[in-house]
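Accompanying notes for the structure given below.
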Amino acid sequence: FSLLIHLPESLFALQSEHSNARTGLLSPLSFLHQVWLRPATSAAMANVSGDGVVAPGISALRSLVDASSVAVLASTHVEPADTMREERARATINSDALAVYMNGGQAKLDRKRELAKFLATTPWGDKRRRYFLSRTEEYQQALQAALGIWDLMGEHNLSLTDGMLMRSLVNFPGGLELHIGMWIPALMGQADEQQQQKWLPPSQRLELIGTYAQTELGHGTFVRGLETTATYDVDRQQFVIHSPTLSSTKWWPGGMGKTATHVVAMARLFIKGKDYGPHAFIVPIRSLETHEPLPGIIAGDIGPKFGYNGVDNGYLRFSYVCIPRENMLMRFAKVTPEGKYIPPPPQNSKASFSTMIYVRATIVEDAGEYLARAVTIATRYTAVRRQTAATPGALETQVLDYQNVAGELLPLVAAAYALKFMGQGAMADYRTFEDNRDRGDFSTLPELHATLSGLKALCTWITCEGIEKCRLACGGHGYSLLSGLPTLYASYVQNATWEGDNAVLCLQTARFLVKALLAAGKGGAPRASAAYLANAAAEARQSCSVSSASQWRDHDVQLAALRHRASRLVAEGAQTLAAANGGKPAFDGDAWNGCLMDMVRLAKAHAYLVLQHTFVTHVRDLQAKGMLPTSTAGALADLCSLFGLRTIDSQMGDFLEDGYLSRRQAQMVREAQAGLLRDIRPNAVALVDGFGFEDYLLHSALGRRDGDVYRALLEMAQDSPLNSSGPGPAWEGILEPRLNPHSKSRVSSAAGARLANDRPTQAKL
């Protein structure tokens, strides 16, 4: 490659003459071999290097490169694309049928492919420069993409499903995220009929842009502690919205920085000096004519973040901003013109939290999607990447064939499917609640809230850790943005914090579970996901009966172990709480605070049980109904077993602590996992193909479906702005004076002068 530096640039243009129909480009070895052996032209006979040394021409270079060296390299070189074809040929499952199933049918899968192909041709859907954008460009282009999708939907009368699918494919979060994800759902869930008629139509036509402003500088998950106030003015029948402290500044809402014109603001309602707690209010914050902040409004962008920088997360302060009484969302709680507060009925007193519950359900749903993207990239890349030959002259080993790599990635493939099915279940549960809510039935709200809180925490933890494991599995190339993994991680990891800090959400789940256990002890019947607590005492006394590694593949055996663990930890948590408070469990104060680690632990145990139970139920259902070919359904059953066993193995201390498992049974867990890894490995690529992701969506050099990863890296790197000129942007005024001090270039002198003028006065050392 050092010799290549001296080749005339025209040689690289020759590559196009040797392209083939499949890729348009030759393999690197084939290209070099053909160029080396091509008769030299007079223009390519010599080249003068920068130091005046005459480099040899083509014919001379050819004499330096023994044809046998090319042959030697060719004997151990395998094109990644060829390896990928071999991977798919060895699979025993039908990945096409799996992709159809996972995408909801052939028509939906075809539609996704059709839209991906179309979006790549639009100016705002072209992703080639995506990894090279500045913060301002990222914000602007993300907004252009969102508006482009919105306009397409209107121009072609596309469905909401098409719109959501295009947003997913473009995968460019921007200023409309919370308008779509929280503003409109808040109106639909908390506004009364008259308010919906007023606000929804202009929101859907983008005549105004909204966001949801709850989090403050000083308060996040603790909603009751919010400091923004909404004081009712009886005489004028209006609310006065105010930020009385620095910490009451609204902070983080997406789109609030520079995009939104309105917010749903959560503020503490005060009527005649009485605090009625947080309620939701519609507040205009920017002029629809000039987009300038309205009087009394201070708003702006909070600055660059770890990721997600196409979204203008913002800050917002209110200075005695007046809004009409009708701007309080009054589907449930109400304030009359006279200032009388009408609370929601006791059975739906927490109905205002339905928006947050919906968002948490979508977060659970998205967890599987993002982990599936990451593990698709990592599995495809490690399947074609080769590292180290076992013997001289042998082919190097595929990285995915190393057990430790398969042991990291294949359980993540299993986890992605588990989360995918859990997301479907979570949204189905929310839809059921929504139907019940519309009939005035809120009986399922407490259990749904507790379950989704725990699942939101667990699923996002799994995905955050999983994406990073995928990046690490890809070695050095995984560190490149061109792999798609760093951006995926940086954009996703905020899910562990927003819409409720994960640890705090676990505490909400734990509180519900302990109360359910105590109620069961008095004859109550725990609901749905907590039903196992009715037999918690008996469950806690159980021990494992497994006598062989093969028995650990049984889903019922795994569920029994996870149910035992959850039952025991909830029971012990209740006992610990009671002991800390003189015999009676307390859910606040020092006694509660002294047990928080145990509470998080038991909540995670419950969430793992729910996750595995959902996976098992889904696999059994599709097997019973013949939704997939037998071998394909069997592969999913193996993934289900692998996920359950990895969960048990990762929490092995809990099972050994109380003697549920013996030392030998614990060893069998690892033996069973090793066997599953061997069985699943031939189908690894086919299983990630089963997610049905388009290259356009993944936008990853390493995750290309055809496996041609090295060509993709080189091609994508050409779009770097640093490659727009030969010398590069640091030559003038920076490198040239150092490397070529005798240059008297007026251009470089002028550039140096500009740099000197920009520097601050340097202190003496």
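This is a predicted model, so every value here is computed, not measured. Just so it is clear, the values below take in all heavy atoms, side chains as well, and ignore hydrogens, waters and symmetry mates.
To the nearest 0.5 angstrom, Ile462 atom CD1 is 8.5 Å from Leu371 atom CG. To the nearest 0.5 Å, atoms CD1 (Ile357) and NE2 (His449) are separated by 5.5 Å. Once rounded to the nearest 0.5 Å, the distance linking CG of Leu455 with OG1 of Thr460 reads 10.0 Å. Here the straight-line distance linking atom CD of Glu369 with atom CG of Leu419 works out to 11.5 Å at 0.5 Å rounding. Here the straight-line distance linking atom CZ of Arg88 with atom CG of Asp689 works out to 4.0 Å at 0.5 Å rounding. Distance OH/Tyr430 to OG1/Thr444: 11.0 Å, rounded to 0.5 Å.
Residues Val709 and Leu713 have side chains not in contact (no heavy-atom distance under 4.5 Å, counting atoms from C-beta outward). Residues Pro411 and Leu677 form a side-chain contact, since some pair of their non-hydrogen atoms from C-beta on lies under 4.5 Å apart. A heavy-atom distance below 4.5 Å is found between the side chains of Leu661 and Met652. Looking at heavy atoms from C-beta onward, Asn502 lies in side-chain contact with Lys456 at the 4.5 angstrom threshold. Side-chain contact between Glu365 and Gln424: absent, with no pair of heavy atoms (C-beta onward) separated by less than 4.5 Å. For the pair Pro80 and Arg704, the minimum side-chain heavy-atom distance is 4.5 Å or more. Contact annotation: the side chain of Val359 approaches that of Ile363 to within less than 4.5 Å [non-hydrogen atoms, C-beta and beyond]. With contacts defined as side-chain heavy-atom distances shorter than 4.5 Å, the pair Phe433/Tyr358 does not qualify.
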The test is side chain to side chain donor-acceptor pair (under 3.5 Å); show your working for Glu79 and His77 and say whether it passes.
CA-CA 7 Å; Glu79 280 297 295; His77 175 83; 2.6 Å; yes
Would Arg360 and Leu505 satisfy side chain to side chain contact (heavy atoms under 4.5 Å, CB included), going step by step from the backbone distance to the final call?
CA-CA 10 Å; Arg360 286 172 188 169; Leu505 292 185; 3.5 Å; yes
Show, in sequence, the C-alpha distance, side-chain angles and deciding distance for Leu636 and Leu98, and conclude whether the side chain to side chain contact (heavy atoms under 4.5 Å, CB included) test is met.
CA-CA 10 Å; Leu636 290 181; Leu98 184 55; 4.0 Å; yes
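Classified by interplanar angle (parallel below 30°, tilted 30° to 60°, perpendicular above 60°), the ring pair Phe655/Tyr660 is tilted. Using the six-membered ring where Trp is involved, Tyr381 and Tyr710 have ring planes that are perpendicular, over 60° apart on the 30 and 60° scheme.
Nearest heavy atoms, Ala97 versus Asn94: N-OD1, 2.9 Å. Leu452 and Ala361 make their closest contact through CD1-CB, 4.0 Å (heavy atoms, listed as atom of the first residue, atom of the second, distance). When all heavy atoms are compared, the tightest approach of Tyr308 to Ser491 is CD1-O, 3.6 Å. Contact detail for Lys604 and Cys506: the closest heavy-atom pair is CG-SG, 4.2 Å.
Counted by atom type alone, Asn683 and Thr92 present one or more donor-acceptor pairs between their side chains at under 3.5 Å. Side-chain contact, Arg664 with Gln667: a donor N or O sits under 3.5 Å from an acceptor N or O.
The only member of Thr614, Val610, Asp429 that meets side-chain contact (heavy atoms from CB on, under 4.5 Å) when paired with Ser529 is Val610. Between Val375 and the choices Leu410, Leu412, Thr463, the side-chain contact (heavy atoms from CB on, under 4.5 Å) rule is met once, by Leu412. The side-chain contact (heavy atoms from CB on, under 4.5 Å) test with Cys470 singles out one residue from Leu409, Thr382, Thr379, Thr376, and that residue is Leu409. Cys595 pairs in a side-chain contact (heavy atoms from CB on, under 4.5 Å) with only one of the listed residues (Leu602, Val600, Leu577), which is Leu577.
Between Arg385 and Glu396 there is no salt bridge, since no side-chain nitrogen of the basic residue lies less than 4.0 Å from a carboxylate oxygen of the acidic one. Ion pair Glu465/Lys469 not flagged as a salt bridge, since none of the NZ, NE, NH1 or NH2 atoms sits closer than 4.0 Å to an Asp/Glu carboxylate oxygen. A salt bridge does not link Arg90 with Glu86: none of the charged nitrogens is closer than 4.0 Å to a carboxylate oxygen. Ion pairing of Arg553 with Asp679 is present here, as a side-chain N (NZ or NE/NH1/NH2) and a carboxylate O approach within less than 4.0 Å. Contact check on Arg565 versus Glu539 returns no salt bridge, with no Lys/Arg side-chain nitrogen under 4.0 Å from an Asp/Glu carboxylate oxygen.
Taking the centre of each ring, His606 and Tyr532 come in below the 6.0 Å mark.
Heavy atoms from other residues, nucleotides or ligands lying under 6.0 Å from NE2 of His618 number more than 12.
Figure legend: cation-pi geometry between Arg646 and Phe643 absent, as NZ or CZ is not positioned both under 6.0 Å from the six-membered ring centre and within 45° of its axis.
Checked against ring pair (Phe, Tyr, Trp, His ring centres under 6.0 Å), Tyr696 has no partners two or more places apart in sequence or in another chain.
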